[in-house]
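Just so you know, these numbers use all the heavy atoms, side chains as well, and skip hydrogens, waters and symmetry mates. Since the model is a prediction, treat every value here as computed from it, not as a measurement.
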Amino acid sequence: MKRILSYLGVALLFLLMQGCASRTPPPSTVTTYANEKNTTNPKLSKLVGKNYIKGVVISLKQDANSQLWNYEIDGIETTNGKLPYVNFNHKTVLANEGDLVYASFDGMRMTEMFVVKEGYLKGGKRASPTPPIARKKSTGNNAEASAGKRDKAHQVIGVPQEETVRF
């Protein structure tokens, strides 16, 4: 009986060891998309980790071979570690040339892009701000009466300096 159990134990150990045999994996023929992008355009930015940029889209061109859109963004604000320049590819058009954008990247992948102001740069120059709206001048007693008067309609209230709450 002992002999049979010992033979069964050895056979069981041999069967369990069959799953642990070392095999070399076949060589990988899969190429990653990030490697293809880096080899197609050497000017692309090499980003690692989480990055952000606030800037103007300088150029937007479509690559005929890969059907991707190439963005070049020149940063206007570099505070808090924002990038000064980015060159990347994306599959769709999210902003036009001259738009002020805020984009975030996770490595080489753009996660989101927000258009802050459309047409921020036109022809390489900053677009002129909208002219201020002039108030209409009213004639009559209402204009004279409210000019120097401070009633509830024309009351100026300052920012509170201290606040207390009682229960």
Side-chain angles (χ1 to χ4, degrees), residues 27-166:
S28 175
T29 58
V30 176
T31 57
T32 61
Y33 183 68
N35 291 341
E36 286 182 15
K37 286 199 307 187
N38 290 339
T39 57
T40 57
N41 190 351
K43 293 182 180 179
L44 292 177
S45 300
K46 295 183 182 3
L47 303 174
V48 177
K50 292 241 180 210
N51 292 298
Y52 304 93
I53 186 167
K54 180 179 181 182
V56 179
V57 178
I58 300 297
S59 72
L60 177 65
K61 298 175 185 170
Q62 187 175 21
D63 188 15
N65 296 334
S66 62
Q67 298 296 323
L68 295 174
W69 290 90
N70 182 270
Y71 287 86
E72 287 185 34
I73 300 177
D74 190 23
I76 62 168
E77 181 184 334
T78 57
T79 58
N80 297 330
K82 292 186 189 83
L83 300 171
Y85 174 81
V86 172
N87 185 351
F88 68 97
N89 289 334
H90 197 265
K91 58 186 173 187
T92 59
V93 176
L94 300 172
N96 296 321
E97 286 186 18
D99 289 350
L100 179 64
V101 296
Y102 185 85
S104 63
F105 298 90
D106 188 13
M108 285 295 296
R109 197 178 119 243
M110 185 198 61
T111 55
E112 52 191 6
M113 179 185 286
F114 302 106
V115 177
V116 177
K117 184 171 184 178
E118 293 181 358
Y120 183 75
L121 285 183
K122 290 185 181 178
K125 297 179 183 177
R126 186 173 176 198
S128 61
T130 58
I133 300 170
R135 294 183 181 175
K136 295 180 181 179
K137 294 182 180 178
S138 61
T139 57
N141 292 340
N142 290 342
E144 294 171 1
S146 66
K149 187 177 180 182
R150 291 205 175 184
D151 56 1
K152 290 217 180 215
H154 299 94
Q155 190 175 20
V156 178
I157 299 175
V159 178
Q161 299 297 323
E162 185 176 322
E163 182 178 343
T164 58
V165 178
R166 293 183 191 168

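Here the closest non-hydrogen pair linking Pro84 and Asp74 is O-OD1, 3.4 Å. Across all their heavy atoms, Asn51 and Leu83 have their closest contact at CB-CD1, 3.6 Å. Taking every heavy atom of both residues into account, Tyr120 and Val56 meet most closely at CD2-CG2, 3.6 Å.
Note that the CD atom of Glu77 and the NZ atom of Lys54 stand 4.5 Å from one another [nearest 0.5 Å]. Taking CD1 of Ile58 as the reference point, atom OH of Tyr71 lies at 14.0 Å (rounded to 0.5 Å).
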Which donor-acceptor pairs under 3.5 Å do side chains of residues 97-108 form with protein atoms, sequence neighbours excluded?
from	atom 1	to	atom 2	distance (Å)
Glu97	OE2	Leu60	N	3.2
Asp99	OD1	Gly119	N	2.8
Asp99	OD2	Asn96	N	2.9
Ser104	OG	Thr111	OG1	2.7

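Put simply, the side chain of Lys91 reaches to within 4.5 Å of the side chain of Leu68, judged on heavy atoms.
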### Task
List the steps, then state whether side chain to side chain contact (heavy atoms under 4.5 Å, CB included) holds for Tyr52 with Val86.
CA-CA 10 Å; Tyr52 304 93; Val86 172; over 6 Å; no
### Query
Can you list the steps and then say if Met110 with Leu94 is a side chain to side chain contact (heavy atoms under 4.5 Å, CB included)?
CA-CA 11 Å; Met110 185 198 61; Leu94 300 172; 3.1 Å; yes
### Task
Walk me through it: do Phe88 and Arg109 pass the test side chain to side chain contact (heavy atoms under 4.5 Å, CB included)?
CA-CA 9 Å; Phe88 68 97; Arg109 197 178 119 243; over 6 Å; no
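Applying the side chain to side chain donor-acceptor pair (under 3.5 Å) criterion to Glu112, with sequence neighbours excluded, gives no partner residue.
The 12-atom threshold is not exceeded at CD of Glu118, counting heavy atoms of other residues, nucleotides or ligands nearer than 6.0 Å.
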